[in-house]
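Here is the structure we will look at, set down as structure tokens.
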Amino acid sequence: MDWNEERTATLRKLWLEGMSASQVARQLGGVSRSAVIGKVHRLGITVREVPTRQRSAVRTAVRAQPRTRTIRDTAPVQRSALRLVEVAEMAPTANILGLEIHSCRWPIGNPDSHDFGFCGREKTARGSYCDEHARGAFRKLASPSEVKAWARQPAAHIERHTA
DNA sequence: CCCTGATTCGC
DNA sequence: GCGAATCAGG
């Protein structure tokens, strides 16, 4: 993997936007965090446009996608498992560089992978997701009796479906 | 434990 | 020029 012009340009852009070295490395693929830091220094772009304090949005976007669900949030998901699977299978239309203000931010795929992306379809004015993904993301609160019922479920058997 | 950037130095 | 290893932390 060499630093050709395209990869260098992407590095420059992501870094100046405030993405951390390890995040840039994962987006590019084939390079380590150290490699990115080394390159950043050689390019002389250690001072970034986006100050540390304002970086959280970018960070959250890149991390996205839960690793494993706990029983607490898994249980309600089960009830609409089929629809969540459908929703999850919608192909990404944007990567981190292509996200616009109006883009649906539903993460798709493994954030560590090259083909990780975001739904990118037109989102609702106030929310973070398009209509389709908003239906997958939000649900009514469960009743106290339902919560009790989930709590009695063995976690292992539920987590197998979402891990 | 997860993570951050900075520096050094053999390659 | 490159980046693993290390340092110094959060």
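This structure is a prediction, so every number in the text was calculated from the model and none was measured. Quick note: numbers below take in every heavy atom, side chains included, and nothing from hydrogens, waters or symmetry partners. Letters A, B, ... mirror the listed sequences (proteins, then strands); counts begin at 1.
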Response to the item:
Taken to the nearest whole Å, CG/A:Leu43 to C1'/B:dG5 is 15 Å
Discussion item. If hydrophobic clusters are built from ILVMFWY residues whose side chains come within less than 4.5 Å, do A:Val36 and A:Leu43 share one?
Written reply: yes
Worksheet entry | Distance in angstrom units between A:Met19 CE and B:dC3 P, rounded | 15 Å
Worksheet item: Can you get from A:Trp15 to A:Leu28 by hopping between Ile, Leu, Val, Met, Phe, Trp and Tyr side chains that sit under 4.5 Å apart?
Response: yes
Worksheet item: Atom CG of A:Leu11 and atom P of B:dG5: how far apart are they, to the nearest Å?
Response: 12 Å
Practice prompt. Tell me whether the OP1 or OP2 atom of C:dG3 has a side-chain N or O from A:Ser32 closer than 4.0 Å.
Written response: no
Fill in: Given C:dG3, B:dT4, B:dG5, the nucleotide with the shortest approach to the side chain of A:Ala21
B:dG5
Discussion item. Applying a strict under-4.5 Å side-chain criterion to I, L, V, M, F, W and Y, I'd like to know whether A:Leu97 and A:Ile45 cluster together.
Written reply: yes
Worksheet item: Nearest 0.5 Å, what's the CD-CD distance between A:Glu17 and A:Gln23?
Response: 11.5 Å
Protein N or O to nucleotides 6-11 of chain B N or O, pairs below 3.5 Å:
from  : atom 1 : to      : atom 2 : distance (Å)
B:dA6 : OP2    : A:His41 : NE2    : 2.7

Worksheet entry | Hydrophobic cluster membership, A:Tyr129 vs A:Ile108, 4.5 Å side-chain cutoff | yes
Fill in: C:dC2 phosphate, OP1 or OP2, under 4.0 Å from A:Lys39 side-chain N/O
yes
Worksheet item: Same cluster for A:Val24 and A:Ile37 if Ile/Leu/Val/Met/Phe/Trp/Tyr side chains link at under 4.5 Å?
Response: no
Practice prompt. In whole angstrom, give the distance that lies between atom CD of A:Gln23 and atom P of B:dT4.
Written response: 6 Å
